[in-house]
Structure formats: C-alpha cells, structure tokens
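Everything below concerns the one structure shown next.
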Amino acid sequence: IGRGPDGMDGSTPPLKSEKPRAAPRQRNQGQNPQPWILETLEWGGLCLTRLMLAPWGPRGRSRLIGWLGRTLGPLTPFVKRIDANIDLVRPDYAPRTRALIRRGVMSNFARTAIEYMDLPDLAARSRRFKVSGLEHLRAAQQANGGRMVVVSAHYGNWEAVRAVAA
C-alpha cells in the first residue's frame with residue numbers, strides 16, 4: 001500500500017484530535033557514548049561503592065545509600081521522569097507531595113542498586129526472608145522442564161525472590 005497525500009498508509013485516516021507522531025529519536029549520533037561504556041562505568045561505580053562500604057554490612061549499606069538517594073537524587077535529571085509519571089497518574093498532587101514522592105523513588109532506586117550486589121549473600125543467609133510455598137514453585141519448575149513464568153506481589157527488592165528461589 002502506498003502512502004497517500006496525507007503521509008498515511010491509506011488504511012485509516014487520523015482522527016482530528018490525534019496529534020501527528022514525532023519521528024523516533026536517533027541515538028548515538030556522536031553526542032552519547034555507546035551504551036556498553038556507560039553500563040560498564042555504572043557497574044564499576046557500584047562495585048567501588050560496595051567495596052568502600054563493605055564494613056557497613058548489607059543493612060548499613062542499604063540505609064546509607066538510601067539516604068544518599070533521598071538527599072542527592074532530587075538534584076539529578078531523573079526527577080523529570082518522576083514528575084512526568086506523577087503527572088500521568090495524579091496531576092493534582094501538591095508540590096510538597098511530589099517532593100516526598102521524588103525523594104522516596106530516588107531512595108528506593110539507590111537502595112535497590114546497591115542491594116542487587118548483595119543478592120548472593122542475602123540468598124545464602126535466607127533467614128532474613130520468610131518463604132512459604134517454595135515447594136510448589138519447585139514442583140511447577142520441574143513439571144515444566146525448568147521453564148516458567150512467576151507472577152508475584154512487589155514487596156521490597158523484587159530480585160530477592162528470584163535469588164532465594166534459585
């Protein structure tokens with residue numbers, strides 16, 4: 001099907017209320033380094049941070065990094081995305097409420113990032129987790145040749161469930 005004079009494929013005309021879609025953004029046109037470089041630098045920064053904070057232990061690291069996230073996070077460009085998401089679901093929120101949400105999001109993000117590196121230790125010391133029904137998960141896994149999709153509630157660090165069940 002060729003394109004008509006309106007630039008559309010001819011199948012359905014756009015509604016009058018629809019805005020024309022912008023062209024997809026082009027990435028890595030000289031302004032940004034390759035994604036693997038940024039990912040390597042981020043991971044290296046996390047490893048270095050964890051090494052420096054090793055004496056604090058998992059709980060102390062999580063608390064300190066959470067505080068840093070709450071304190072410094074709102075100063076980063078990520079707040080634009082958080083505000084955009086708040087606008088989608090609750091545009092009526094007052095500035096004070098938005099600030100509290102931003103701080104909470106950044107604290108949670110920072111804690112999750114540093115806790116991700118502690119997952120092997122947390123799984124080994126699974127007494128921190130109360131797990132019930134794991135036998136059903138193992139039976140389903142065995143019955144399906146190791147393949148399965150698990151749907152669960154989101155409580156705390158979502159990776160912890162996977163680490164304990166592994």
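What you see is a predicted model; the values in this text were computed from it and never measured.
- Take Arg61 and apply the salt bridge (charged side-chain N to carboxylate O under 4.0 Å, His left out) test, not counting sequence neighbours, and it matches Asp118.
- Alongside Phe109, the hydrophobic cluster contains no other residue (criterion: ILVMFWY side chains under 4.5 Å).
- For the atom pair Thr112 OG1 and Glu115 CD, the distance stands at 5.5 Å (nearest 0.5 Å).
- Note: Ile37 CD1 to Thr40 OG1 = 8.0 Å, rounded to the nearest 0.5 Å.
- Between Thr49 and Ile65 there is a side-chain heavy-atom pair separated by less than 4.5 Å.
- Grouping Ile, Leu, Val, Met, Phe, Trp and Tyr by side-chain contacts under 4.5 Å, direct or through others, leaves Val79 on its own.
- With rounding to the nearest 0.5 Å, the separation of OG1 in Thr97 from CG in Asp92 is 9.0 Å.
- Of all non-hydrogen atoms in Asn144 and Arg147, the two that sit nearest each other are CB-O, 3.0 Å.
- For Arg98, the side chain to side chain contact (heavy atoms under 4.5 Å, CB included) test picks out Asp83, Ile86, Asp87, Tyr93, Arg102, with sequence neighbours left out.
- Remark: Leu41 CG to Glu39 CD distance equals 10.5 Å, nearest 0.5 Å.
- Transitive grouping of hydrophobic side chains (ILVMFWY, heavy atoms separated by less than 4.5 Å) brings Trp56 and Leu68 into a common cluster.
- Taking hydrophobic clusters as Ile, Leu, Val, Met, Phe, Trp and Tyr residues chained together by side-chain heavy-atom distances below 4.5 Å, Leu75 shares a cluster with Leu64.
- Within 6.0 Å of CD on Gln142 lie no more than 12 heavy atoms contributed by other residues, nucleotides or ligands.
- Residues forming a side chain to side chain contact (heavy atoms under 4.5 Å, CB included) with Thr76 (at least two apart in sequence, or on another chain): Phe78, Met106.
- What you find for Gly69 and Pro74 is that their closest heavy atoms are O-CD, 3.5 Å.
- By the salt bridge (charged side-chain N to carboxylate O under 4.0 Å, His left out) test, Arg70 pairs with no residue at all, sequence neighbours left out.
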